[in-house]
Amino acid sequence: MDICTEKVSLRDCLFPCAYIINLHSLLLSTKTDLLSSSASDFQPRERQDISAKKLITMARKWQKLTNIKRKRITFPQATGGADADSCNASLVAAKGHFLVYTSDQRRFVLPLEYLKEEIFKELFRIAEDEFGLPRYGPITLPCDAASLEYVIAMIQQNIAKNLEKALVIAIATACFPSSSYLPPDLCTPNQQMLICSF
Amino acid sequence: MLSELMNFLRACFRPRSDPYVHKGSDSGGRQDGLLWYKDCGQHLNGEFSMTVVQANNLLEDQSQIESGSLSLHETGPYGTFVGIYDGHGGPETSRFINDHLFQHLKRFTAEQQSMSVDVIRKAFQATEDGFMSLVTKQWPLKPQIAAVGSCALVGVICSGTLYIANLGDSRAVLGRVVKATGEVLAIQLSVEHNACIESVRQELHSLHPDDSQIVVLKHNVWRVKGIIQVSRSIGDVYLKKAEFNREPLYSKFRLREPFKRPILNSEPTISVHQLQPHDQFIIFASDGLWEHLSNQEAVDIVQNHPHNGSARRLVKAALQEAAKKREMRYSDLKKIDRGVRRHFHDDITVIVVFLDSNLVSRASQIKCPNISVRGGGINLPPKTLAPCTMPTEAGNT
């Protein structure tokens, strides 16, 4: 048995998500052209040196650019365990993997370990709010392939935990505005400010 | 030498192992990850087999089989009681039913000195009233308790008569041999109260003629007020009394407009069946099983295999089906942790009660040892329902 509560719109869920993605892409490409960033440019140490003010300025610039040329955003390539190729995939996921579809009907075969990641648990929760628990078919996540690829890249690159937490907060805040839902350890003022700043 | 002595002393003073995890197969069930099972046990009217698989973070399914005296008095009547309680919104209500329903039933049986539909109905009502009082008491500190509820399926075998009482969407299915062909037919014994059934939607509309939105399609599933699939339950007091549909209950559970009459009710549908010599077994299970297996598929699996482990076999078949729907391997599905596991299947509880026609026809006055087994889970905090089995020998036997 499950209980279905107030619906959360997909847009509300992904709205802050998009900002965080933009923010992270910024972090990935501080030295290079904003639109030509790639996984190879990833330099985690630099993140610590960026001031909040600079980030806000850059985020605004980035937002303008993405609004114009949204389709040109490049996400870090999903490699290794993640297989986003729907053409050659067999009906059953490979051993040690599970399978999800994205809202744009892309098929992702992912390692079981991903189910332990907080971000995946959150995506599953949002999927339940958005679509209910699937009774007859596979699981569909309420995001497109590009967003999921980003999440995968984030897990693969083992990025700083607080950024992941910030993303969780952003999603949770959008889904449960009462915020009573939020685990207390995720509610540090700095992270809240980080979200609110954008 | 010293180390041997230390080991000896340690063995002497070591506290008993965790009482919630029973590895032995004789008295209790076995725990294997999220799976709990008791492959074979004996009740008054034959054998039984029981299995629980957990998917929710806290197991919401609770279950019990009680065999022996169905009354507070040792004079009986004697029989077998089976209960499956599929909770939602949390485990509190199903645990409460597991702790109280059978006790109420014994009390009313003692009062009336026999088993009857009336006894069962009163036991359900007393359980609902008891939970309502608990919510009233806990409401100021724990308002969330108002949004917890449970289905309840009960089977009572007494004097060759089978009583089936149900509210919600668990199901009891009888396996009966057709004499002429030797086939085993699946006969559904319970009436369900899920809004996916047209008659249930009609009933809701007739009970709430002024509310066109009493039942709506949400995520392609019919739900009462767009919230819940079942129209009857124990608990869910936020949908029964308007005084609990307000702050401090989370806003997502609150209905926009106040309601005058209860949206859900707690009246079980009770049916009475005379058991026949060709009745082989009854499968009691929460909807977690039935969303993957048809009645006939389940009956065929039980019929075509040994009694021992039949409940576990049914759960395995359901999980294999769940894995197929999620396009993954069964062996991988089993590795998924509780909590996130709920996205792959529901909690599943199965009790298969085999009917030995010689024992079923016995008079209900024959005394026998009391047997009490409860379906288990893992990681339950202390002071909550013990998931272990508790075979108790009645003093007078």
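Please read these numbers as outputs of a predicted model, since none were measured by experiment. FYI, side chains are in, hydrogens and waters are out, and symmetry mates aren't considered; it's all heavy atoms of this structure. Note on naming: letters A, B, ... go to the chains in the order of the sequence lines (proteins, then strands), and numbering restarts at 1 for each one.
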Q: Looking at side-chain heavy atoms only, is the closest gap between Arg135(A) and Glu291(B) below 4.5 Å?
A: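 Arg135(A) reaches Glu291(B) side chain to side chain.
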
Q: Is there side-chain contact between Leu133(A) and Phe344(B), with heavy atoms separated by less than 4.5 Å?
A: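 A side-chain contact under 4.5 Å is absent here.
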
Q: Would the number of heavy atoms belonging to other residues, nucleotides or ligands and lying under 6.0 Å from NZ of Lys335(B) be above 12?
A: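 Enclosed.
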
Q: Which bit of Lys116(A) comes within less than 4.5 Å of chain B, counting heavy atoms only: side chain, backbone, both or neither?
A: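 Side chain of Lys116(A) only, per the 4.5 Å heavy-atom cut-off to chain B.
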
Q: Does the side chain of Phe98(A) come within less than 4.5 Å of His343(B)'s, by heavy atoms?
A: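 Not in contact.
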
Q: Would you mind reporting whether Leu112(A) and Ile336(B) have side-chain heavy atoms less than 4.5 Å apart?
A: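 Heavy-atom side-chain distance check passes, below 4.5 Å.
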
Q: Hey, mind stepping through Glu327(B) and Tyr101(A) against side chain to side chain contact (heavy atoms under 4.5 Å, CB included) and telling me if it holds?
A: CA-CA 11 Å; Glu327(B) 301 179 26; Tyr101(A) 283 83; 3.3 Å; yes

Q: Are the side chains of Arg342(B) and Glu128(A) in contact, using a 4.5 Å heavy-atom criterion?
A: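 Not in contact.
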
Q: Hey, is CD on Glu257(B) packed in by over 12 heavy atoms from elsewhere, all under 6.0 Å?
A: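 Yes, the 6.0 Å shell around CD holds more than 12 heavy atoms from other groups.
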
Q: Taking everything shown except Lys121(A) itself, do over 12 heavy atoms lie less than 6.0 Å from its NZ?
A: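 Yes.
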
Q: Against chain A, label Ala147(B) side chain, backbone, both or neither, depending on which of its atoms sit under 4.5 Å from a heavy atom there.
A: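 Just the backbone, heavy atoms under 4.5 Å.
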
Q: With a 4.5 angstrom heavy-atom cut-off, is it the side chain or the backbone of Ile139(A) that approaches chain B, or both, or neither?
A: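 Both parts, backbone and side chain.
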
Q: Answer yes or no: is there a donor N or O on one side and an acceptor on the other, between the side chain of His219(B) and the main chain of Glu130(A), under 3.5 Å?
A: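 Looks like yes, one N/O pair under 3.5 Å.
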
Q: For Leu99(A), does its backbone N or O pair with a side-chain atom of Arg326(B) as donor and acceptor, under 3.5 Å?
A: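 No.
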
Q: Is a side-chain N or O of Arg329(B) found less than 3.5 angstrom from the main chain of Ala93(A), in a donor-acceptor match?
A: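 It does hold such a pair.
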
